[in-house]
Visitor: 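A single structure is presented below for examination.
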There are 2 protein chains.
Amino acid sequence: MTKESNSQQRPKPVTMRDVAKMADVSQSTVSRVLNRSASSVPIGESTRLKVLEAVEKLGYHPNLHAGSLRGQKTRLIAMMIADIANPFYQAMARAVQDVAHARRYDVLVVNSDHLAENEQLFCESMIRRPVDGIIAVPYHLTTDDLDDLIVRTGVSVAVLGQHICHPQIDTVGCNDEDATCDTVRWLIEAKGHKRIGFVGVKQAFPPGKRRYAAFVRAMQEAQLPIPPEYIKIGDWQVESGQRAMCELLALAEPPTAVFVCNDQMAIGALLKAQERGLRVPEDVAIVGFDDIPAASWVRPNLTTVAQYPTKIGTQLAQAVFERIDGIAVGERRLFHVSCRLIKRESA
Amino acid sequence: MTKESNSQQRPKPVTMRDVAKMADVSQSTVSRVLNRSASSVPIGESTRLKVLEAVEKLGYHPNLHAGSLRGQKTRLIAMMIADIANPFYQAMARAVQDVAHARRYDVLVVNSDHLAENEQLFCESMIRRPVDGIIAVPYHLTTDDLDDLIVRTGVSVAVLGQHICHPQIDTVGCNDEDATCDTVRWLIEAKGHKRIGFVGVKQAFPPGKRRYAAFVRAMQEAQLPIPPEYIKIGDWQVESGQRAMCELLALAEPPTAVFVCNDQMAIGALLKAQERGLRVPEDVAIVGFDDIPAASWVRPNLTTVAQYPTKIGTQLAQAVFERIDGIAVGERRLFHVSCRLIKRESA
DNA sequence: CGATTTACCGCATACGATTGCATAAATTTA
DNA sequence: TAAATTTATGCAATCGTATGCGGTAAATCG
């Protein structure tokens, strides 16, 4: 098409110097016209117009890499989440992107897959390519890891997860522990369940740990036993929920209700129970966590603890941009996006 | 925590000069040690070790912005999709990210929301911050728009969508038109449907246009009428599927089968039909498109034309990296990832 | 009318890394 | 032993932009 564009050799881009030449001014004048920022030198109206005209005529666009090198803003933020394939993170990612794009920032999206190794790689990437802001859902990273990043690159950071406590890192937390506890109590008191199973994830994951602790608390309060075989470990995916339910149903005395740590696993559990011919919630009640869209698509609808990833993402993005813009400078801010039980049909 | 890290002023990063000073060599020597790549100048073993030691001791990481400015690789690719909240794109995004991260490339993710304006903004962004590669699902962008991008920045591009035809842009296409046609024929011939509705999207969208054309073809072949009120326009979202089904069911003589252009809308239609007390597929059959995970979570399972976003994403990413690496240099390559009907319960 | 302020603009340098060219030392060859 | 190579390293320009500082002309002042 059109010209013979040779992709091997990077073409010469239109630079400020080209604009300067055409407008017959110096390159620095072009720069000043384009970012007629505060306190700088004033620019004559006629030159301003000459420059603007040349910019238009040449189709000039400033090179962001150059600005980044000069130590200006990079107009780039990075977001580290566990897995973009998870509807929870996907909604969060979308919210963050919306806030960022509205300010003409680009967003780097990185999946950690809950792997410590990937989280470290992420940090390294951020040192290699400094960005203005970082939004992360760390599972393994410590406060010190993030501090190192801040000290080295001066980046602004906001995270989801209460286990990070750093004077310059804004944090969004949720009351998932209380919500879990309340939900289990409700299963016991309002629904009369006594044999309750739990499908969680590895204790290495802060939310997994918290929710398990809350589950234990509620059960102990009610003086109910927690047989070890009622506790199953999944990996957040649908299939692991199916496996867990399989094992629970194979027990001599299966639980009458199961609390599952996220909706994907809960859906897996639900499908498996139905496949085995059980009625939900009559034979076995199921509660999930997150309230992903599919939770209200399955039959019976999933009773679940709703989280609000869009709110969380928006909050994180706003927090990080406030620090980038220097609007927020002081101490760590702790935001709260609460979750709450949505009672539907599955329990 | 630890030191008093001042985020207002960007801290001085560890640079090559620092390494050079510690190793007592020139900065260019450090550079050569670090990328002893090409057949460049040889380096003495003892200096090499000195430098490496200093790198280790200082925790040096090269600054990618600097390399980008010098016209080297940016180690950055961008991906423009319609909406990361759509399971189809989300799976594609994940595949692209996996390929990219394996090569230590970062990925910029941009949502167009099917809006022409956003697609243009995306192009502008890519001019401002040149990247090595672009993977896009363009709905409004023309071949010329992309050509402009290539001419100006030398970027490598791969797209999903047959309507882009450019000598340097690798393309992934699918046979959605044939698959649609075959599916409608199957509804007619194998299932005996005569009144078939269609839930599509605006004709401005190439896939919407193609699938509608295929639907018309199949119906005309079978000499079946296509009443205008059987054709509904949605926006790819669940809610629009519900609305469309609402309208179809309100007709004096509603269709006995509905072909829906994506699974999200199909699920909306399914839920609405059930809400109205209809049995699927007995009272109304529903066919979707994409085979998103939720298609097999709903009851009845969705009969749908499966696409393979992971394959598509992987293919696009590989194609673009082959161009970036100069492995592929010649003419446009056309790849094919076919889709096929998955017969389940809803039709 | 000479001196000082004001308004406007250009020169030069810096950001961090790559790379062609020059150079010094070590080695080989004639 | 001198000349030609080879080997190893440094110098300096460059990428595109931002900005401190200095310079020039016009405007204002005494």
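Order of the sequence lines fixes the chain letters, A, B, ..., with proteins taken first and strands second; residue numbering starts at 1 for each chain.
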Visitor: Please indicate whether B:Glu45 has more than 12 foreign heavy atoms, meaning atoms of other residues, nucleotides or ligands, lying under 6.0 Å from its CD.
Guide: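 Yes, the 6.0 Å shell around CD holds more than 12 heavy atoms from other groups.
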
Visitor: Is the distance from OP1 or OP2 of D:dT9 to the nearest side-chain N or O of B:Thr47 less than 4.0 Å?
Guide: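 Yes, such a contact exists.
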
Visitor: Determine the interplanar angle of the A:Tyr89 and A:His114 rings, folded into 0 to 90°, and report it as parallel if under 30°, tilted if 30 to 60°, perpendicular if over 60°.
Guide: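 Perpendicular, since the angle between the ring planes exceeds 60°.
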
Visitor: Would you mind reading off the distance between A:Leu34 atom CG and C:dC9 atom C1', rounded to a whole angstrom?
Guide: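 In whole Å, C:dC9 C1' lies 16 Å from A:Leu34 CG.
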
Visitor: Listing request: all ring-ring contact (aromatic ring centres under 6.0 Å, His included) pairs with a residue in residues 47-66 of chain A, at least two apart in sequence or in separate chains.
Guide: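 As it turns out, there is no ring-ring contact (aromatic ring centres under 6.0 Å, His included) pair with a partner in residues 47-66 of chain A once direct neighbours are skipped.
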
Visitor: What is the nucleic acid contact for B:Val30, judged by heavy atoms within less than 4.0 Å: base, sugar-phosphate only, or nothing?
Guide: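 Result for B:Val30 = nothing.
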
Visitor: Calculate the interatomic distance between A:Lys73 atom NZ and D:dG16 atom P; express it in whole Å.
Guide: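 Value for this atom pair: 24 Å.
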
Visitor: Apply side-chain hydrogen bond (donor to acceptor under 3.5 Å, both in side chains) to B:Thr29 and list each qualifying residue two or more places apart in sequence or on a separate chain.
Guide: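 Counting only residues at least two positions away or on another chain, B:Thr29 forms a side-chain hydrogen bond (donor to acceptor under 3.5 Å, both in side chains) with B:Ser26.
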
Visitor: What's the CG-P distance between A:Leu58 and D:dG16, to the nearest Å?
Guide: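 Those two atoms, CG and P, are 14 Å apart.
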
Visitor: Under 3.5 Å between N/O atoms: give me all the protein pairs with nucleotides 12-15 of chain D, atom names plus distance.
Guide:
residue	atom	partner	partner atom	Å
D:dT14	O2	B:Arg70	NH1	2.8

Visitor: According to side chain to side chain contact (heavy atoms under 4.5 Å, CB included), who are the partners of A:Leu69, at least two apart in sequence or on a separate chain?
Guide: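 Side chain to side chain contact (heavy atoms under 4.5 Å, CB included) list for A:Leu69, sorted by chain: B:Ala66, B:Leu69.
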
Visitor: To the nearest 10 degrees, how far apart in direction are the end axes of the helix from C:dC1-D:dG30 to C:dA30-D:dT1, each fit to five base pairs?
Guide: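 One end axis against the other gives 60°.
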
Visitor: Which of these passes side chain to side chain donor-acceptor pair (under 3.5 Å) with A:Asp170: A:Gln318, A:Arg332, A:Arg323?
Guide: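 Per the side chain to side chain donor-acceptor pair (under 3.5 Å) rule, the option paired with A:Asp170 is A:Arg323, out of A:Gln318, A:Arg332, A:Arg323.
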
Visitor: Please state whether the phosphate of C:dT18, meaning OP1 or OP2, lies under 4.0 angstrom from any side-chain nitrogen or oxygen of B:Ser31.
Guide: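 Checking B:Ser31 against C:dT18: at least one side-chain N or O falls below 4.0 Å of OP1 or OP2.
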
Visitor: Whole-Å distance between C:dT18 P and B:Leu64 CG?
Guide: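 The answer, rounded to whole Å, is 10 Å.
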
Visitor: Run the salt bridge (Lys or Arg N to Asp or Glu O under 4.0 Å) test against A:Asp24 and tell me which residues pass, sequence neighbours left out.
Guide: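 Once residues adjacent in sequence are excluded, A:Asp24 has no partner under the salt bridge (Lys or Arg N to Asp or Glu O under 4.0 Å) criterion.
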
Visitor: Hey, is the side chain of B:Ser26 poking within less than 4.0 Å of OP1 or OP2 on D:dT9, counting only N and O atoms?
Guide: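 Answer is no, no contact under 4.0 Å.
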
Visitor: Below the 4.0 Å mark, does D:dA18 have OP1 or OP2 next to a side-chain nitrogen or oxygen of A:Asn35?
Guide: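 Yes, such a contact exists.
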
